[in-house]
Visitor: 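Here it is, the structure in full.
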2 protein chains.
Amino acid sequence: MDFLKEIIGADTKAIHKNFKKKEIIQKQGVVSKNAFYVKKGLIRSYSIDKKGKEHIFMFGTEEWIIADIESNVFSKPTQLYIDTIEDSEIVVFSLDYLKTDQSTKEKLQKNSKLLARRIGSLQRRVIQLMSSSAKERYEMFLETYPLLPNRIPQKMIASYLGITAEALSKIRREL
Amino acid sequence: MDFLKEIIGADTKAIHKNFKKKEIIQKQGVVSKNAFYVKKGLIRSYSIDKKGKEHIFMFGTEEWIIADIESNVFSKPTQLYIDTIEDSEIVVFSLDYLKTDQSTKEKLQKNSKLLARRIGSLQRRVIQLMSSSAKERYEMFLETYPLLPNRIPQKMIASYLGITAEALSKIRREL
DNA sequence: CGCGTGCATTAATCTATATTAAGAAATGAA
DNA sequence: TTCATTTCTTAATATAGATTAATGCACGCG
């Protein structure tokens with residue numbers, strides 16, 4: 001939590017909220033100024049395509065921040081739903097760090113670093129999606145998030161990898 | 001160029017360089033502190049996978065900045081090659097905006113906005129790669145970059161879309 | 001100027017993953 | 001506990017896109 005204060009500032013209003021499993025925190029299409037810091041529990045962000053299929057964009061476990069950052073910063077309607085996978089304790093805070101008067105240079109720098117890290121992980125994800133097979137992506141997922149598989153259903157792993165649950169089942173059998 | 005000064009500061013050392021077509025600007029695997037602002041011309045960043053296949057991560061036309069941001073900020077070896085597609089005039093500058101003494105709050109804020117936009121475009125790319133067919137991705141590419149197809153070979157479009165040149169040829173015939 | 005190299009296209013075949021369908025196992029609610 | 005619902009697995013079939021190979025074309029270079 002100290003870490004969070006370093007970014008958002010003590011002055012920023014941050015509200016603690018408890019959510020039950022499977023509660024929706026944010027809906028696709030709304031303009032959201034909020035970011036969600038996971039204090040405890042597990043949440044995910046995902047989009048639903050025109051065929052009604054879910055695609056998990058990102059998981060958020062303890063200490064992670066989940067947000068549609070471009071929506072936050074530029075007041076665009078979000079592409080992403082956010083909901084809880086487990087009962088969760090979430091700190092909801094407003095991403096107003098771009099207002100001159102509200103933030104110090106140090107906080108802005110910390111925040112820039114956070115954004116740079118996120119860019120790095122998205123960059124790796126794009127390259128991975130373009131250049132690796134489903135099996136390779138699954139193996140990398142296991143390395144990157146060794147604890148997640150115990151907490152989420154297979155079909156969500158499949159959705160994150162960009163494949164069907166059936167394909168993942170086959171891959172798992174082969175390993 | 002004014003726009004660039006607003007981010008990096010007049011004090012930051014920025015070197016103008018001219019490159020011929022097909023010159024390599026940055027190699028995969030090195031730690032790079034440099035970012036590349038395209039004043040004129042066209043460049044690309046790409047990775048090469050273990051089978052030797054190229055995957056274009058991003059094109060940079062006039063006014064774009066191409067950089068491996070995570071490598072810049074955290075001194076990680078870059079995943080990306082960068083080279084020129086056309087003869088280009090590039091402003092090479094060091095991404096040291098995270099050093100307290102070198103940047104003002106205003107510049108940091110502008111920079112954060114830039115990072116947020118990049119996150120937005122990567123997010124759309126990830127979701128697109130997971131949820132759209134090659135044909136749909138090609139159509140979106142044409143909408144998003146209407147001028148690029150006149151300047152780059154088909155095989156580079158294919159590489160950006162994550163498909164082979166043969167598959168793209170088939171898609172184009174169908175349209 | 002011609003020639004070689006790289007580019008785009010087409011077609012035939014192959015393969016990874018999707019789709020559909022069904023049953024088994026796990027989970028949750030009454 | 002029991003029943004219902006969701007999740008996971010397996011298998012058969014379908015399909016998008018990869019791979020391989022061959023051909024015509026353009027253009028940069030000696």
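Keep in mind that what you see is a predicted model, and the values were worked out from it rather than measured. In the text below, chain A, chain B and the rest are named by the order of the sequence lines, each starting its count at 1.
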Visitor: In whole angstroms, how far is the C1' atom of D:dT7 from the CD1 atom of A:I85?
Guide: 15 Å
Visitor: Roughly how many Å is it from CD1 in B:I152 to C1' in C:dG6, rounded to a whole number?
Guide: 17 Å
Visitor: So which nucleotide from C:dT9, C:dA8, D:dC8 ends up closest to the side chain of B:K155?
Guide: C:dA8
Visitor: Expressed in angstrom and rounded to an integer, what is the separation of A:M156 atom CE from D:dT6 atom P?
Guide: 13 Å
Visitor: Reading nucleotides 16-30 of chain D 5' to 3', which nucleotides get B (base under 4.0 Å from a protein heavy atom), which S (sugar-phosphate only), which -?
Guide: -SSBBB---------
Visitor: A:E136 CD to C:dA16 P: how many Å, rounded?
Guide: 11 Å
Visitor: Return the minimal non-hydrogen interatomic distance between A:R151 and A:I85, and the atom names on each side.
Guide: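 Heavy atoms only, the tightest pair is O-CG2, 4.3 Å.
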Visitor: Between B:E89 and B:K40, does any side-chain N to carboxylate O distance fall below 4.0 Å?
Guide: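 Answer for the salt bridge query: no.
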Visitor: B:L175 has an atom CG; how far is it from atom P of C:dT9, in whole Å?
Guide: 12 Å
Visitor: Rounding to an integer number of Å, can you tell me how far B:R172 CZ sits from C:dC7 C1'?
Guide: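 Checked: the CZ to C1' distance equals 12 Å.
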Visitor: Please determine if a side-chain N or O atom of A:R173 lies less than 4.0 Å away from the OP1 or OP2 oxygen of D:dT9.
Guide: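 Answer no for this pair, as no side-chain N or O of A:R173 is under 4.0 Å from OP1 or OP2.
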Visitor: Nearest-Å distance, CD (A:E174) to C1' (D:dT10)?
Guide: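 Roughly 13 Å, once rounded to whole Å.
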Visitor: Looking only at atom types and distance, does a side-chain atom of B:T84 sit under 3.5 Å from a main-chain N or O of B:K20, one as donor and one as acceptor?
Guide: yes
Visitor: Are B:K50 and A:E136 ion-paired here, with the side-chain N under 4.0 Å from a carboxylate O?
Guide: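 Yes, B:K50 and A:E136 are salt-bridged.
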Visitor: When the aromatic ring centroids of B:F59 and B:Y145 are compared, is their separation below 6.0 Å?
Guide: no
Visitor: Check this for me: does any side-chain nitrogen of one of A:K22 and A:D83 sit under 4.0 Å from a carboxylate oxygen of the other?
Guide: no
Visitor: How close or far is atom C1' of D:dT9 from atom CD1 of A:I157, stated in whole angstroms?
Guide: 15 Å
